[in-house]
Amino acid sequence: MTQRRLKLPDYPRVALVLQGGGALGSYQAGVYEGLANAGIHPNWVAGISIGALNCAIIAGNPPEKRVEMLKEFWETICNPPRHTTAHVSNPGTIFDQWASSWGEMFKEYEHSMLGSMSAISAIVKGQENFFKPRLLAPGGGAPDNTSFYDTTPVLATLERFADFDRINSGETRVSLGATNVATGNFVYFDSEKIKLTPKHFLASGSLPPGFPATEIDGEYYWDGGCVSNTPLEYVLGVTPRKDTLVFQVDLWSAQGPLPVDIFQVNERLKDIQFSSRTRTVTNVVEMLQNMRRIWFDTIDRIPAKVRADDPWFDEMMRHMMGARYNVIHLIYRNKLSEGHYKDYEFSAETMGHHWDTGLHDMHETLECKDCLAMPAEGENFVTFDVHTRQRSSSGQFAHPVVKASGSRRRPRPAPK
């Protein structure tokens with residue numbers, strides 16, 4: 001698959017937003033490969049859980065090495081390939097077509113069966129270079145010793161594949177979401193504010209009860225997904241606001257079939273729990289942008305003489321001025337043979353499928369005309385989803401100008 005290199009509009013910020021999802025995270029790596037193939041290198045990466053680990057590899061390597069390091073990282077934490085003899089020849093005769101159909105059904109069954117075996121292996125043995133079972137699980141006596149698995153192996157893995165001096169150099173901004181266990185508050189570790197270490201990335205992925213809390217400076221943290229599974233709100237809410245292109249990569253699809261057995265119920269529950277927060281954040285940001293639009297339209301209706309005599313209006317203009325946001329959604333759609341264990345099924349075959357799907361979805365997205373374009377004059381929030389191939393817009397400004405203090409009119413400045 002080839003991808004032409006693209007020239008982006010002049011967005012001050014290009015952000016890659018990666019949510020949690022365990023083994024599904026190789027989809028994010030495929031998405032990043034698609035961006036890299038197009039010559040797009042985000043200057044801000046924000047992640048939660050497995051998304052945080054992918055952020056470490058991306059920000060911790062030079063652009064030309066990132067895809068290679070991501071591949072080595074995922075190959076390191078996944079089970080080695082399985083060797084099977086199943087093979088279906090290309091259909092020719094009616095019999096061949098019949099055999100091929102049965103062959104496809106067999107491959108789906110085989111994938112499901114072997115996938116469940118890999119998931120069971122992760123539960124029983126852990127994942128080498130990632131996490132291992134505790135000898136006396138679930139332990140106890142301290143927050144960082146109470147869990148079914150020990151996550152210290154991933155610290156060495158992160159140091160192996162990511163240069164933390166580069167992560168803290170300011171070349172790429174890095175933000176990681178986590179949950180303070182004692183207060184229940186959602187917090188962000190941000191490279192613009194603190195020096196990030198492997199433990200900050202681990203804290204973002206410390207999902208209980210499987211993984212223990214991670215201690216940092218006397219405080220204990222759990223996975224950011226305990227509160228919110230997407231850093232989108234943080235990226236769009238940081239001040240000063242700037243025009244931003246966001247690639248939001250979701251690992252859980254909000255839409256899905258009705259469950260008909262208890263395993264499907266468990267899978268559907270995960271999908272809803274971890275995807276609904278993304279929709280909520282998007283809706284909140286859209287609402288805030290609409291409020292700014294309404295405020296500006298209201299100010300347009302106030303006589304210029306009134307505004308000229310009261311500096312409060314100019315001050316409020318500075319506070320209320322928003323920014324233009326273009327959010328590109330990439331959502332992993334489940335294979336039929338995947339089950340409730342898909343977030344801890346670390347086989348090499350499934351990892352490769354996730355990766356290829358992410359690469360394909362990013363390629364298809366970038367083929368869509370104008371999806372990366374800066375929101376038009378008068379817009380402040382647009383979204384695009386490759387699966388629907390629709391670009392939706394909200395926050396339309398009704399008027400292109402604002403009355404300035406005094407009698408003259410001046411163009412409304414672009415939202416900042």
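Just the heavy atoms: all of them, side chains too, but no hydrogens, waters or symmetry mates, feed the values below.
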Compare all side-chain heavy atoms of [X] with those of [Y] and state whether any distance is below 4.5 angstrom.
X: F313; Y: I302; result: yes
X: R173; Y: N43; result: no
X: I58; Y: L16; result: yes
X: I40; Y: L8; result: yes
X: Q28; Y: N54; result: yes
X: I328; Y: V246; result: no
X: V327; Y: F247; result: no
X: C368; Y: F384; result: yes

Checking the side chain of [X] only, and the main-chain atoms of [Y] only, is there a donor and an acceptor separated by less than 3.5 Å?
X: S206; Y: W222; value: no
X: E215; Y: D217; value: yes
X: Y234; Y: Y188; value: no
X: N168; Y: L196; value: yes
X: T239; Y: R241; value: no
X: T365; Y: H363; value: no
X: N79; Y: A348; value: no
X: S49; Y: G20; value: no
X: D223; Y: G225; value: yes
X: N326; Y: P375; value: no

**OP:** Could you check R134 against N145 for side-chain hydrogen bond (donor to acceptor under 3.5 Å, both in side chains), going step by step and ending with a plain yes or no?
**Re:** CA-CA 9 Å; R134 288 192 182 277; N145 193 42; 3.1 Å; yes
After noting the C-alpha distance and the side-chain angles of Y32 and R66, does the key distance pass the side-chain hydrogen bond (donor to acceptor under 3.5 Å, both in side chains) rule? CA-CA 9 Å; Y32 182 79; R66 290 171 178 173; 3.2 Å; yes
Partner of V45 under side chain to side chain contact (heavy atoms under 4.5 Å, CB included), picked from V174, I167, L176, is V174
Side chain to side chain contact (heavy atoms under 4.5 Å, CB included) with Y27: of L251, L18, L359, only one passes, and it is L251
* Are K342 and D271 close enough, and set up right, to give a salt bridge (Lys or Arg N to Asp or Glu O under 4.0 Å), and what steps lead you there? -> CA-CA 11 Å; K342 59 191 175 187; D271 286 339; 3.0 Å; yes
Original post:
After noting the C-alpha distance and the side-chain angles of E33 and W355, does the key distance pass the side-chain hydrogen bond (donor to acceptor under 3.5 Å, both in side chains) rule?
Top reply: CA-CA 9 Å; E33 182 179 6; W355 189 300; 2.6 Å; yes
Can you confirm whether [X] is buried at [atom1], in the sense that more than 12 heavy atoms of other residues, nucleotides or ligands lie under 6.0 Å from that atom?
X: D10; atom1: CG; answer: no
X: W74; atom1: CH2; answer: yes
X: M117; atom1: CE; answer: no
X: K270; atom1: NZ; answer: yes
X: E128; atom1: CD; answer: no
X: E233; atom1: CD; answer: no

- [ ] Test ring pair (Phe, Tyr, Trp, His ring centres under 6.0 Å) on Y332 and H354 and set out the steps.
- [x] CA-CA 8 Å; Y332 176 66; H354 294 156; 5.1 Å; yes
With Y221 as partner, the option from F189, F201, F211 fulfilling ring-ring contact (aromatic ring centres under 6.0 Å, His included) is F189
Query - salt bridge (Lys or Arg N to Asp or Glu O under 4.0 Å) between E68 and K71, intermediate numbers included - result: CA-CA 5 Å; E68 176 187 345; K71 287 182 177 178; over 6 Å; no
We want to know whether [X] and [Y] form a side-chain donor-acceptor pair, criterion being a heavy-atom distance below 3.5 angstrom.
X: S253; Y: R333; answer: yes
X: Q248; Y: D250; answer: yes
X: T350; Y: S347; answer: yes
X: N129; Y: R160; answer: no
X: S175; Y: W44; answer: yes

query = When you look at T383 and R391, which way does the side-chain hydrogen bond (donor to acceptor under 3.5 Å, both in side chains) test go after all the steps?
reply = CA-CA 6 Å; T383 61; R391 192 180 200 223; over 6 Å; no
Looking at every non-hydrogen atom in both residues, tell me the closest pair between [X] and [Y] and how far apart they are.
X: L372; Y: Y11; answer: O-OH, 2.9 Å
X: R268; Y: G256; answer: NH2-N, 3.3 Å
X: G141; Y: T146; answer: N-OG1, 4.1 Å
X: L155; Y: K199; answer: CD2-N, 4.0 Å
X: P198; Y: E159; answer: CG-CG, 3.7 Å
X: S26; Y: M351; answer: OG-O, 3.3 Å

Between the CD1 atom in I331 and the CD atom in Q19, the distance rounded to the nearest 0.5 Å is 9.0 Å
Open item on the list: Working note: L202 + V154, criterion side chain to side chain contact (heavy atoms under 4.5 Å, CB included); need CA distance, chi angles, decisive distance, verdict.
Closed with: CA-CA 8 Å; L202 176 59; V154 79; 3.7 Å; yes
Q. Run the side chain to side chain contact (heavy atoms under 4.5 Å, CB included) check on Y341 and S116 step by step: do they pass?
A. CA-CA 7 Å; Y341 48 78; S116 64; 3.8 Å; yes
Checklist line | From CA spacing to verdict: side chain to side chain contact (heavy atoms under 4.5 Å, CB included), L232, L236 | finding: CA-CA 6 Å; L232 180 63; L236 299 187; 3.9 Å; yes
- Task: Go through the steps for L330 and M362 under the test side chain to side chain contact (heavy atoms under 4.5 Å, CB included), then give the verdict.
- Result: CA-CA 7 Å; L330 293 110; M362 190 71 258; 4.0 Å; yes
